[in-house]
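In what follows, chains carry the letters A, B, and so on, assigned in the order in which the sequence lines appear, proteins first and then strands, with residues in each chain numbered from 1.
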Amino acid sequence: MHWADYTAQKLMERGGKQVSASGITPSGEFHIGHLREILSAEMIHRACLDAGIESKYIFIVDSMDPLRRVYDFLSPEYERYIGHPLAYIPAPGSDGKPSDGSATYADHFLGPFLNALEQIGVCPEVVMNHETYESGEFAEYIDTAISKKEEIRRIIQEISGRELADDWFPYNPMGSDGSLDGVTVMGYEKPFVHWIDSLGVEGRSDIRKGEGKMPWRIDWAARWAIHGITCEPAGKDHGAAGGSYDTGIPICKLLGGEPPDKIVYEWIQLKGMGPMSSSTGLTIGPMEALSLVPPEILRYVVARSKINRHIEFDTGSALFQTADEYERLVSNPIADDGEMTKRQLVAAQTQSGAIRLSQVEAGANPSDSVGGVSFRHLSMLAQIKASDADVWKSLNRSGHIQGAPRESLVVRLARMRTWIDGPHFPEGAKLEIRRELSDEARGKLDEGGMDFLSVLSSLLSECEWGDEQISEAISNACESAGIPRRKGYASIYWALIGRSFGPKASSLLCEIGRERILSLLGGA
RNA sequence: GGGCCUGUAGCUUAGUCAGGUAGAGCGCCGGGCUUUUAACCCGGUGGCCGGGGGUUCGAAUCCCCUCAGGCCCGCCA
């Protein structure tokens with residue numbers, strides 16, 4: 001069974017309406033790793049719906065979190081905003097300097113990410129955490145947390161092994177300059193927390209407004225209660241023993257909530273580069289990934305892996321393999337012929353679950369996502385056909401599509417071209433049409449092969465220049481040279497692209513043109 | 001120091017929770033296919049399940065030890 005379906009089943013036992021959630025701090029560019037946070041929760045949500053369980057999915061943006069430091073992409077002017085909630089500071093411009101403030105820092109990074117999410121079929125209910133503070137929804141939990149301060153302190157100290165300072169307080173008020181840092185709590189008189197900030201200014205924060213926030217470990221536990229969250233997969237950083245998941249559960253109960261069960265997912269790593277981090281700039285953005293990879297394949301990358309396994313994200317040749325695997329499973333779903341062992345059955349169910357959850361539109365027929373054209377075939381066409389119109393013409397001629405291409409295919413081709421032209425496209429998949437017979441090719445061809453090419457050359461010089469005629473010429477040349485067809489094709493590929501195999505030979509030759517082919521084969 | 005995850009065929013991995021003859025895909029090799037979509041079909045190759053010990057009639061699976069890789073423990077998915 002797929003992990004999302006398994007989790008849905010567990011949630012069904014818990015009963016009631018399910019609320020899956022994700023939470024991300026918009027401190028910088030979002031990256032591909034954040035997609036796992038999102039998709040882990042969203043797939044469980046979908047699995048719940050598929051199982052007939054009432055469910056919703058919310059994405060909580062940690063917009064109340066303060067700016068921790070001046071990241072590399074920020075100008076030094078951001079120094080003065082350290083400690084300020086991301087929702088209340090201006091977005092950086094392209095030069096890294098604070099812009100005019102028409103967009104907030106949080107919104108600036110969130111916007112493109114939500115756009116990318118839409119493309120992969122994720123439409124969450126977005127909750128800006130600072131608005132939850134502003135609306136007063138946190139107030140009663142803040143009040144409870146303050147009155148149970150010592151119990152919470154004990155939970156955090158015992159479970160995390162961390163020593164909390166004597167003046168620790170479960171609410172960080174915002175000082176006179178708008179910073180959450182360096183503000184000392186002087187007292188509490190519901191609904192006001194009295195404080196003195198680092199400038200020596202005294203003031204008070206109304207817990208019913210966005211005038212401060214709870215520390216992360218309590219904030220998280222409180223929001224579980226506020227939103228009725230029943231499921232929130234968390235990154236392994238939160239999942240470590242004594243981490244915020246472990247303290248969140250008892251704190252949530254203390255605040256009167258019913259916490260979700262602990263679910264931890266592993267991180268996505270870039271092939272050979274270790275974990276990603278927004279702050280080191282070692283990232284592939286979801287937008288960048290989506291400019292290359294079809295969205296259902298991106299979903300499949302997450303869906304096919306068990307939740308507790310690393311994912312090595314590779315935009316090179318592994319992408320072909322993943323796409324192949326996806327397409328194979330879509331076109332040849334493993335059917336239960338009644339003779340499967342229990343294990344094979346489990347594997348088949350898991351795979352079909354992964355395909356189901358990879359669809360951009362929930363419940364869509366997976367065959368539609370492939371659109372009749374394989375990823376590999378499209379990569380070939382995109383390389384040998386300069387114009388899109390020629391690609392569509394070719395696909396019509398080969399019977400892949402009828403008439404105009406559908407929109408999703410147009411987008412796929414555009415993505416394919418971006419990939420091919422970019423730095424991630426694997427060398428091994430590049431088609432380099434040779435101008436003359438290389439020594440390497442000569443080395444690979446024996447007498448029969450050379451004879452074949454020479455016969456082919458003369459046949460091609462006379463025949464009509466079309467796919468079928470070329471195909472026929474190849475057949476005839478094979479017979480004439482007395483070699484198997486397989487060998488004939490291999491000879492063509494050696495001569496043409498320096499490999500023993502390749503895309504359909506006749507259309508390749510047809511596209512390249514008679515003159516160039518004859519000059520290439522002339523040396524045979 | 002504390003803890004988590006992983007180690008199964010050349011590669012990616014399923015199977016570990018509920019012990020019962022090690023499965024799959026890719027690759028590779030051979031054959032087939034008188035249009036090769038890098039396709040498809042048939043056959044084949046390939047594993048002391050990281051190592052050692054224990055429990056058991058029986059262990060990839062449970063227990064103990066050990067080695068290796070990755071990661072978490074202020075914030076980070």
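- Counting non-hydrogen atoms under 4.0 angstrom, A318(A) reaches nothing in the nucleic acid.
- Taking side-chain N and O atoms only, H310(A) has no distance below 4.0 Å to OP1 or OP2 of rG70(B).
- Heavy atoms of Y265(A) sit under 4.0 angstrom from at least one base atom.
- By the 30° and 60° cut-offs, the orientation of the rings of W220(A) relative to W216(A) is parallel.
- The phosphate of rU6(B) has OP1 or OP2 within less than 4.0 Å of a side-chain N or O from N308(A).
- As rounded to the nearest Å, rG70(B) and rC28(B) have P atoms that lie 30 Å from one another.
- Between V264(A) and K262(A) the shortest side-chain heavy-atom distance falls below 4.5 Å.
- For rU12(B) and rG47(B), the C1' atoms lie 15 Å apart once the distance is rounded to whole Å.
- Close to rG7(B), at under 4.0 Å from its OP1 or OP2, lies a side-chain N or O of R309(A).
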(request) Let me have a per-nucleotide readout for nucleotides 25-37 of chain B, 5' to 3', with B, S or -, counting only protein heavy atoms under 4.0 Å. (result) SS----BBBSBBB
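- Comparing rC75(B), rA77(B), rG70(B) against the side chain of H31(A) picks out rA77(B) as the nearest.
- The side-chain tip of K236(A) points at the ring of W267(A) from less than 6.0 angstrom away and within 45° of straight on.
- Across V127(A), L117(A), V122(A), a single residue satisfies side-chain contact (heavy atoms from CB on, under 4.5 Å) together with F59(A), and that is L117(A).
- Here rA38(B) is the nucleotide among rA38(B), rC5(B), rA14(B) with the atom lying nearest to any side-chain atom of L431(A).
- Nearest-nucleotide positions on RNA chain B place T350(A) closer to the 5' end than the other of T350(A) and G235(A).
- The side chain of W267(A) approaches rC72(B) more closely than any other nucleotide in the set rU6(B), rC75(B), rC72(B).
- OP1 or OP2 of rA77(B) has at least one side-chain nitrogen or oxygen of T25(A) nearer than 4.0 Å.
- Rounded to whole Å, the separation between the P atoms of rA38(B) and rC26(B) comes to 16 Å.
- Classification of the Y300(A)-Y326(A) ring pair by plane angle, with boundaries at 30° and 60°, yields perpendicular.
- For the pair I38(A) and F113(A), the minimum side-chain heavy-atom distance is below 4.5 Å.
- Nucleotides rG69(B) and rC33(B), compared at atom C1', are 45 Å apart to the nearest Å.
- rC17(B) and rG7(B) are spaced 14 Å apart, taking the P atom of each and rounding to whole Å.
- Residues Y78(A) and P92(A) come closest through the heavy atom pair OH-N, 2.9 Å.
- K236(A) has no side-chain polar atom (N or O) that falls below the 4.0 Å cut-off from OP1 or OP2 of rG3(B).
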